[in-house]
Structures are given as C-alpha cells and as structure tokens.
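The structure appears right after this line, and notes come after that.
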Amino acid sequence: FDCRLTLCYNFTVKTSEPYLMNIEFVKVQKEDFAALEKLAARLWHSAFDNLIGPEQADYMLEKFQSAPAFSRQTEEEGYEYYFIVCDGVTAGYTGIAAKKGERGLFLSKLYLAPEFKGKGLGKAALEEVAGCAKKIKLGYVYLTVNKGNERAIKVYEKFGFIKTDSIVTDIGNGYVMDDYVYRLDV
C-alpha cells in the first residue's frame with residue numbers, strides 16, 4: 001500500500017497568531033535509510049535517554065531503527081516510512097504498517113524534533129495516518145507507547161485513542177518494552 005501523505009494545515013501556536021505551515025509526508029526510499037537512521041538516533045536520544053537510558057535506546061535503535069532494520073521492515077513486514085517535512089525542514093518521521101490478517105493500521109513510529117513539538121505536527125500526522133487507514137479500508141489505527149511517555153500519551157488520548165491493553169515485550173539483551181496499546185476507530 002502507499003498512502004502518499006501530503007497536506008497543508010492552518011495552526012495556531014500558543015504565543016502567536018494563526019499561520020500557515022506547509023507539512024509534507026515524504027515517502028522514505030531505500031536510498032534514504034541512512035538519513036532516516038541518523039534522524040532516528042537524534043530524535044530517539046532526545047526522547048528516550050531519560051526514560052529508558054541511553055544504553056537501551058542505543059540497543060533499540062540498532063534493532064528497530066537502523067538502515068538494515070528499515071530495509072527488513074519495508075521489504076518483509078509491510079512497513080512504510082515517511083519524513084515529516086515542515087516548511088521545507090525535516091521535522092520528524094513516521095512509520096506505518098498494514099499487517100496481513102489485521103483490520104487495523106499499525107502506527108509503529110511517530111517522532112518529532114523537540115523544536116517542532118507543540119506546533120500541531122503530531123496532530124497533523126495522526127490525522128493523515130487515520131485518513132490512510134480509511135483510504136485502504138481498515139477499521140482502526142493502533143499503536144504502542146512507553147508507559148512513561150506521558151507527553152505522547154496525552155497527545156494520543158486528546159486525539160481520541162483509547163487504551164486497550166498493557167504489555168511487556170522482551171526485546172533481548174536483558175531489555176523489555178513496557179508499553180500501553182492504544183486504538184483509534186476510524
């Protein structure tokens with residue numbers, strides 16, 4: 001599947017007048033995996049070092065967010081990745097997967113650079129992912145989120161996601177992912 005995500009939004013930032021942000025979701029191609037890996041490392045360390053520690057963040061980056069991992073996920077597991085570009089600047093990325101036999105779209109990754117948080121890009125990305133699920137005739141979007149990631153949890157709940165489960169997944173090397181599962185019916 002290919003949702004070809006693109007849009008334009010009008011947002012109000014807390015301290016300024018409404019302004020137009022051009023937000024594009026640019027599909028990541030195989031030749032872009034190294035750049036995506038660099039972006040993931042920067043965003044992950046800013047988001048997770050205080051939450052899970054830099055050692056586990058490094059381990060998870062290598063296992064799930066490296067160029068070889070992106071290649072495996074896109075070729076074998078049905079993932080698509082998109083750079084989130086705001087006014088010509090790469091602000092983050094998202095990863096989605098329509099897994100065989102499931103009626104939902106898995107929002108695997110949604111990460112924004114700190115300087116772009118709180119400006120409506122997360123909401124825009126969630127709207128696009130929900131729209132993608134509808135477009136490919138899936139009934140819901142689901143995701144996992146670290147139980148300690150309060151900011152992300154607030155964003156998902158404000159958007160309408162409902163907590164459906166609590167899971168602990170052994171990812172090897174003595175590490176686990178301690179997550180909530182959230183779902184949004186579309």
Check against side chain to side chain contact (heavy atoms under 4.5 Å, CB included), Lys123 and Lys158: CA-CA 9 Å; Lys123 179 182 178 191; Lys158 184 176 181 182; over 6 Å; no
Give me the ring orientation class for Tyr182 and Tyr156: parallel if the planes are under 30° apart, tilted from 30 to 60°, perpendicular past 60°.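 Taking Tyr156 first and then Tyr182, their aromatic rings sit tilted (interplane angle of 30° to 60°).
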Residue pairs fulfilling salt bridge (Lys or Arg N to Asp or Glu O under 4.0 Å) with at least one residue in residues 53-69, sequence neighbours excluded: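 Listed once each, the pairs would be none.
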Please identify which of these residues, Asp49, Leu39, Ile52, meets the side chain to side chain contact (heavy atoms under 4.5 Å, CB included) condition with Trp44.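 One option only clears the test, and that one is Ile52.
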Among Thr144, Asp165, Ile153, Ile167, find the residue that satisfies the side chain to side chain contact (heavy atoms under 4.5 Å, CB included) test when tested with Tyr180.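 Result: among Thr144, Asp165, Ile153, Ile167, Ile153 is the only option passing the side chain to side chain contact (heavy atoms under 4.5 Å, CB included) with Tyr180.
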Using a 6.0 Å cut-off, check whether atom [atom1] of [X] has over 12 heavy atoms from anything other than its own residue.
X: Glu157; atom1: CD; answer: yes
X: Asn50; atom1: CG; answer: no
X: Arg72; atom1: CZ; answer: yes

Decide side chain to side chain contact (heavy atoms under 4.5 Å, CB included) for Ile171 and Met60; before the verdict, give the C-alpha distance in whole Å, the side-chain angles of both, and the deciding distance to 0.1 Å. CA-CA 8 Å; Ile171 57 171; Met60 292 178 71; 3.5 Å; yes
Please test Val145 against Phe161 for side chain to side chain contact (heavy atoms under 4.5 Å, CB included), starting from the C-alpha separation and ending with a verdict. CA-CA 12 Å; Val145 59; Phe161 280 85; over 6 Å; no
Minimal non-hydrogen separation, [X] against [Y], with atom names:
X: Leu110; Y: Ala125; result: CD1-CB, 3.6 Å
X: Leu107; Y: Leu143; result: O-CB, 3.4 Å
X: Leu121; Y: Phe116; result: CD1-O, 3.8 Å
X: Ile136; Y: Ala98; result: CD1-CB, 4.3 Å
X: Ala130; Y: Val186; result: CB-CG1, 3.8 Å
X: Arg42; Y: Ala113; result: NH1-CB, 3.9 Å

Is a side-chain donor-acceptor pair under 3.5 Å present for [Y] with [X]?
X: Gln65; Y: Tyr111; result: no
X: Tyr82; Y: Glu128; result: no
X: Lys147; Y: Ser166; result: yes

Under 3.5 Å: donor-acceptor pair, side chain of Glu37, backbone of Ala69: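 Answer holds: no.
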Keeping the roles fixed (side chain from Asn173, backbone from Tyr175), state whether a donor-acceptor pair exists under 3.5 Å.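 Between the backbone of Tyr175 and the side chain of Asn173 there is no qualifying donor-acceptor contact (under 3.5 Å).
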Would [X] end up clustered with [Y] when hydrophobic side chains under 4.5 Å apart are linked, directly or stepwise?
X: Val85; Y: Phe70; result: yes
X: Ile162; Y: Leu126; result: no
X: Val176; Y: Leu51; result: no
X: Val168; Y: Val181; result: no

Rounded to the nearest 0.5 Å, what's the gap from [atom1] on [X] to [atom2] on [Y]? Could you check?
X: Lys99; Y: Leu105; atom1: NZ; atom2: CG; answer: 10.5 Å
X: Phe33; Y: Thr74; atom1: CZ; atom2: OG1; answer: 3.5 Å
X: Lys38; Y: Leu43; atom1: NZ; atom2: CG; answer: 13.5 Å
X: Glu24; Y: Thr90; atom1: CD; atom2: OG1; answer: 10.0 Å
X: Cys86; Y: Asn22; atom1: SG; atom2: CG; answer: 8.0 Å
X: Thr169; Y: Met177; atom1: OG1; atom2: CE; answer: 4.5 Å

Step-by-step side chain to side chain contact (heavy atoms under 4.5 Å, CB included) determination, Asp87 to Met21: CA-CA 6 Å; Asp87 293 332; Met21 285 192 302; 4.2 Å; yes
Test ring pair (Phe, Tyr, Trp, His ring centres under 6.0 Å) applied to Phe83 and Phe25, step by step: CA-CA 6 Å; Phe83 290 115; Phe25 294 82; over 10 Å; no
Answer whether the closest heavy-atom distance between the side chains of Asp32 and Val26 falls below 4.5 Å.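 No; the side chains remain at least 4.5 Å from each other.
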Check each of Tyr81, Tyr93, Tyr79 against Lys109 using the side chain to side chain donor-acceptor pair (under 3.5 Å) test, and report the only one that passes.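 Testing each of Tyr81, Tyr93, Tyr79 against Lys109, the sole residue satisfying side chain to side chain donor-acceptor pair (under 3.5 Å) is Tyr81.
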